[in-house]
Amino acid sequence: MNTVFAIASVTIKELYRRKDFYVLFVLSALITLMAEAGTFFHDDKIVRYLKELCLLLIWISALVIAVTTAARQIPAEREQRTIFPLLAKPVTRGQVIAGKSLGCWLAAGLALVVFYLFLIAVCGSREHAWPLLNYLQAAWLQWMFLGVVIAMAVLGSIVFAAPSSNATILFVVVIGILLLGGHLNQVALERPEPMRSVLYAIYFIIPHLEWFDVRALVIHDQSLIAWWAVAAASAYAIVYAVLFLFAAWLAFRRKALNT
Amino acid sequence: MAAIIQINKLRVEYGGAMPKVALKGLDLTVNAGEVFGYLGPNGAGKTTTMNVLLGFANATSGMAQLFGVDVRQPIARQRIGYLPELTYYYKFLTAEEILRFYAKIFGIAKSAIESRIDAVLKLVELDHARKRQIKTYSKGMQQRVGLAQALINNPDLLILDEPTSGLDPIGRMQVRAIIQRLKGEGKTVFFSSHELGEVETVCDRVAIMCEGELKAEGKVADLMREHGASLEQIFLKLIGYRAAA
């Protein structure tokens, strides 16, 4: 386990020594602060739109950080050949995959903490209310969502040669699932066979990432989600992440490293 | 003497329908405490042998062991240090951080990590630059970081892939001195090189490879006596080199 954590720590250091995170954070902060300076419908107290905008930026930024970081990890190791001194140590390829994924996930978690603290500070200062548990549930479920996305990106990074093609495909798939995933069963009902069965199969196979998007919880100050439901969603995300990482390990364990 | 590296009938083929044979049934033994030079022209199979020993490539048939453990087991690499031909390290880390990272991977006790980092950085004369990111290092300094990471676990076997390639004369001298010092400490060193003079100076035994086959193996002095020629002449003869008239 030490090996996995050691690899993860290098991944986290890499993310925070690059500029991506800072650029995205500063951009999100600037846009939010500019929106915050204005008023909505001449009512200072309406912060719903501010929350909606800020949360949308957080979702986009976190997704970009997670996908671009995870998609380049293993290709960069191979391209820069840092994989060779690493695998010359008592390290298995499974540990490399686990360490890289864990590092990306923890780094994405740290980024989420920074983004959400900013959101809480901006919105709290305006509405003088601090529904911290709502924020916690929203951030937690988003982190679980990012765990699944990172596992998909790591799998893609072994299957596709170029990180850019992996990232592009992943953005399309993730946004597709977020927008359409929950409606596929209804679409299937309206289709003739065999399309109906195909759509149903896709509906039951894909990870339903849209379940983790609980921005409304924060935006509309809805009552908290039952904690058992949060735990079940977390377990669901972990199962999918493990499945994707297992597939990544199967693809990577015998793969030639182009020496 | 105990065999540290044991290779039997190792065959490696690359490619699918028209496979290229990189190693054709190699048999090789490297014993404890030896400095072993692995020679051959480009494409002879030297790097392939190292890749199999380090678990980067899979053998088509045959067997390779380090310390009596199959090379496919990661634990076989617990007591080795490896220096690649070119430096491939995380350039956003400092020398200290990269050594700490590899020390953790080897499972070195926390209390021993810092003293071990101090020792190897002093050995490779990089103590003054320990807090600088590797991307700011010169090529020679990067090669010395490579040597430092190869020594962080105090290995019993050092595998060096052309350790002096691209180094200036001072860098070469330093690497040679380190190899001699490790030899004095009873470590086993297995290294490939194109520098025959260097091999003659530091090696106990050598193997000469050509087109995936072992052409000669033995002590440098014995080979020279047997062939009545210098190591360079033996090398050129065994690889079938004919100078243009």
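Proteins come first, then strands; the chains are lettered A, B, ... in the order of their sequence lines, and each starts at number 1.
Using modelled atom types, no side-chain atom of B:R77 and backbone atom of A:P90 make a donor-acceptor pair closer than 3.5 Å.
Residue A:E79 places its CD atom among 12 or fewer non-hydrogen atoms of other residues, nucleotides or ligands, all under 6.0 Å distant. Surrounding CD of A:E210 are more than 12 heavy atoms belonging to other residues, nucleotides or ligands, all under 6.0 Å away. Taking a 6.0 Å sphere around CZ of B:R181, one finds it holds 12 or fewer heavy atoms contributed by other residues, nucleotides or ligands. Surrounding CZ of B:R132 are more than 12 heavy atoms belonging to other residues, nucleotides or ligands, all under 6.0 Å away.
Taking every heavy atom of both residues into account, A:K89 and B:I105 meet most closely at CB-CG2, 3.7 Å. For the pair A:P85 and B:Y89, the tightest heavy-atom approach, listed with the atom from each and the gap, is CG-CE2, 3.8 Å. For the residue pair B:F56 and A:R93, the shortest heavy atom distance occurs at O-NH2, 3.6 Å.
Contact count against chain B (heavy-atom pairs under 4.5 Å) is highest for A:V10 among A:T92, A:V10, A:N2. Counting heavy-atom pairs closer than 4.5 Å to chain A, the top-ranked of the candidates B:L83, B:L53, B:N58 is B:N58. The most heavy-atom pairs under 4.5 Å with chain A, out of B:Q78, B:K104, B:Q133, B:R79, come from B:Q78. Put simply, of A:T3, A:I83, A:V4, A:L86, the one with the most heavy-atom pairs under 4.5 Å next to chain B is A:L86.
Here the side chains of A:T82 and B:K91 are not in contact, with every heavy-atom distance at 4.5 Å or above.
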Notebook entry, point to check: Given the rule in the side chain to side chain contact (heavy atoms under 4.5 Å, CB included) test, do B:E85 and A:R81 qualify, once you have shown the distances and angles that lead to the verdict?
Noted result: CA-CA 11 Å; B:E85 182 184 349; A:R81 304 174 73 87; over 6 Å; no

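Heavy atoms of B:E97 lying under 4.5 Å from chain A belong exclusively to its side chain. Residue A:Q95 does not touch chain B at all, counting heavy-atom pairs closer than 4.5 Å. Contact annotation for A:Q80: only backbone heavy atoms (N, CA, C, O) come within less than 4.5 Å of a heavy atom of chain B.
For the atom pair OH of B:Y82 and CG of A:L87, the computed distance is 10.5 Å after rounding to the nearest 0.5 Å.
Cation-pi geometry between A:K13 and B:F92 is not met at under 6.0 angstrom from the ring centre and within 45 degrees of the axis.
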